[in-house]
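Data first, discussion second: the structure below is written as structure tokens.
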Amino acid sequence: MSESVQRFNLDTMSGVFPGTRTKVYQRVRLAPADGSSFTRWARLLWYEDPPSCVVELEAQPAGWSTDAPVQPAQILARIVEIDGATFFQQLTAVLTAAGWRPVTCGACAFWQPLAARTPDGLPTGSCTWRGDALSSMVDTAHQQLTAQSLLALACAHWHPRGTQPIAASQIEEEATAAIAPMPKRAEQESDERWTLAGQLRRWLRKSATQPAAPPAQTWEERIVERSGVGAGTEPCFVCQGRIANLGALAVASPEGDKQTFSVWRCRACYTYYLNDWTDRWERTDNLETEERYHRLSPAEALEVLAVIDNVVHAEHPARRHERMAQRDWMLAFLGDRPPLSHQIRQGR
């Protein structure tokens with residue numbers, strides 16, 4: 001059902017793709033309304049003057065392994081009078097008229113609306129999917145960690161909601177609440193690592209009597225963006241937001257190369273990703289790297305972060321050869337699920 005998406009344009013050998021888009025947009029998967037299994041990518045383009053939303057079906061390049069015939073890009077519908085409380089019903093109606101249905105979090109049975117909005121002003125919901133053997137951190141997770149945009153990319157556990165629409169009363173028309181941004185490590189760091197006075201204060205504290213153990217932190221307090229204030233983020237696959245790193249684990253591949261598993265989260269649509277990156281440049285002469293992205297549900301992302309949290313200095317590659325058990329767990333966790341993106345690059 002899934003199709004891969006590439007950030008790098010192999011036709012132009014650049015990261016720039018032909019075509020235009022609006023400042024605010026979302027990429028969503030659509031499936032035929034007749035129940036066929038294949039999907040197509042579409043874009044929701046938001047215009048300011050006049051306010052409207054255009055649904056554009058993206059072109060399907062030749063060679064994609066789907067059951068659908070090759071089709072060019074086309075405009076499916078335009079929504080002019082947008083109602084924030086019933087936007088998804090509006091979107092579903094125009095797509096149904098065009099012979100398609102959305103495959104997004106808002107159409108999933110596990111998505112429950114919240115009285116909050118994304119930075120784009122879209123309704124936000126909480127993902128209620130839970131696995132069979134998840135850690136206790138998932139069961140007690142705050143809505144900040146389980147939030148997903150109405151148009152967030154569907155995960156491997158997506159299940160259609162059915163014919164029963166979301167009641168308009170469940171999505172407050174005047175909901176002005178917002179999901180609190182994820183805390184950033186760069187904003188929490190003091191000067192103790194960078195200045196002589198700070199290092200002296202830290203040394204004096206270590207020399208003094210050990211203080212009482214601090215109270216245990218909640219998972220909302222422990223999970224922070226490792227990408228800092230702005231640097232280190234990557235573009236989201238499905239919106240104009242940026243994804244930030246929440247945790248990383250460096251292991252050794254069977255060939256001894258550095259393989260890093262990391263969890264990322266979009267600041268705009270709250271989509272979670274798992275990045276599997278293997279660096280072979282230390283062993284080969286062609287500077288080869290291989291990278292895969294997988295879409296994770298919030299519960300899966302928190303489960304992976306719990307595994308990473310149990311490894312001391314997990315992101316440091318020096319002891320990667322001692323983490324074969326964690327690598328085996330990651331590979332078993334991913335199983336045979338198809339990646340959202342897969343690229344092999346050689347050279348800088």
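In this structure, OG on S149 lies 5.0 Å from CG on L122, to the nearest 0.5 angstrom. Atom CD of residue E225 and atom CH2 of residue W264 lie 10.0 Å apart, to the nearest 0.5 angstrom. Of the inter-residue distances, the one linking L151 atom CG with T104 atom OG1 reads 5.5 Å to the nearest 0.5 angstrom. Considering OG of S52 and CD1 of I82, their distance stands at 6.5 Å, rounded to 0.5 Å. Here CG of L145 is found 9.0 Å from CG of L246. Values are rounded to the nearest 0.5 Å. One finds the CZ atom of R242 at 8.5 Å from the CZ atom of R267 (value rounded to the nearest 0.5 Å).
Neither side chain, N275 nor W277, offers a donor N or O lying under 3.5 Å from an acceptor on the other. Side-chain contact of D83 with Q90: a donor-acceptor pair under 3.5 Å is absent, judged by distance alone. Using modelled atom types, one finds a donor on one side chain and an acceptor on the other under 3.5 Å when comparing D276 with Q259. Side-chain N/O atoms of S126 and T146 include a donor and acceptor closer than 3.5 Å.
Inter-residue side-chain proximity for L334 and L274 is flagged as met; some heavy-atom pair is nearer than 4.5 Å. Contact annotation: the side chain of R265 never approaches that of T271 to less than 4.5 Å [non-hydrogen atoms, C-beta and beyond]. The closest side-chain heavy-atom distance from L249 to M330 is below 4.5 Å. Looking at F237 and R295, their side chains never come closer than 4.5 Å, going by heavy atoms from C-beta outward. Using a 4.5 Å cut-off on side-chain heavy atoms (C-beta onward), I79 and V94 make contact. Between L44 and V54, the closest side-chain pair of non-hydrogen atoms is not below 4.5 Å. Proximity of T118 to C269: side-chain heavy atoms (C-beta onward) are nowhere separated by under 4.5 Å. Residues R40 and W100 meet the side-chain proximity criterion, which asks for heavy atoms closer than 4.5 Å.
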What verdict does the side chain to side chain contact (heavy atoms under 4.5 Å, CB included) test give for E290 and H342, after you've listed the backbone C-alpha separation in whole Å, the side-chain angles of each residue and the deciding distance to 0.1 Å?
CA-CA 8 Å; E290 182 173 8; H342 180 204; 2.7 Å; yes
Salt bridge (Lys or Arg N to Asp or Glu O under 4.0 Å) between E300 and R337, worked out
CA-CA 13 Å; E300 289 178 316; R337 71 175 72 188; 2.9 Å; yes
Determine, stepwise, if the pair R345 / Q343 fulfils side chain to side chain contact (heavy atoms under 4.5 Å, CB included).
CA-CA 6 Å; R345 298 184 184 181; Q343 293 187 359; 2.8 Å; yes
Checking side chain to side chain contact (heavy atoms under 4.5 Å, CB included) for the pair L30/L57: CA distance, chi angles, key distance, verdict?
CA-CA 9 Å; L30 302 181; L57 193 66; 4.1 Å; yes
Would you please test V238 and Q26 for side chain to side chain contact (heavy atoms under 4.5 Å, CB included) and show each step?
CA-CA 6 Å; V238 293; Q26 289 90 23; over 6 Å; no
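Across all their heavy atoms, V103 and A154 have their closest contact at O-CB, 3.6 Å. Taking both residues in full, the closest heavy atoms of A268 and P119 are given as O-CD, 3.4 Å, listed atom of the first, atom of the second, then distance. Across all non-hydrogen atoms, the minimal contact from W129 to A299 is O-CB, 3.5 Å. Annotation for S297 and H157: closest pair OG-CD2, 4.3 Å, computed over non-hydrogen atoms. The two atoms that bring P32 and R101 nearest to each other are O-NE, 3.2 Å, heavy atoms only. Of all the heavy atoms in A252 and R327, the pair that sits closest is O-CD, 3.1 Å.
Of the possible polar contacts, none joining the R226 side chain to the G247 backbone as a donor-acceptor pair under 3.5 Å is found.
Counting non-hydrogen atoms of other residues, nucleotides and ligands closer than 6.0 Å to CZ of R319 gives a total of 12 or fewer. Within 6.0 Å of atom CD in E255, more than 12 heavy atoms from other residues, nucleotides or ligands are found, so the atom counts as buried in its surroundings.
For W46 and F87, the distance between ring centers is under 6.0 angstrom.
Follow the hydrophobic side-chain contacts under 4.5 Å out from V80 and you never reach V55; the two are in separate clusters. A single hydrophobic cluster is seen to contain both Y47 and I75, as judged by linkage of ILVMFWY side chains at heavy-atom distances under 4.5 Å, directly or through other members. Cluster membership for V304 and M324, using ILVMFWY side-chain heavy atoms within less than 4.5 angstrom, is not shared.
Ion pairing between E58 and R27 holds under the 4.0 Å rule for side-chain N and carboxylate O.
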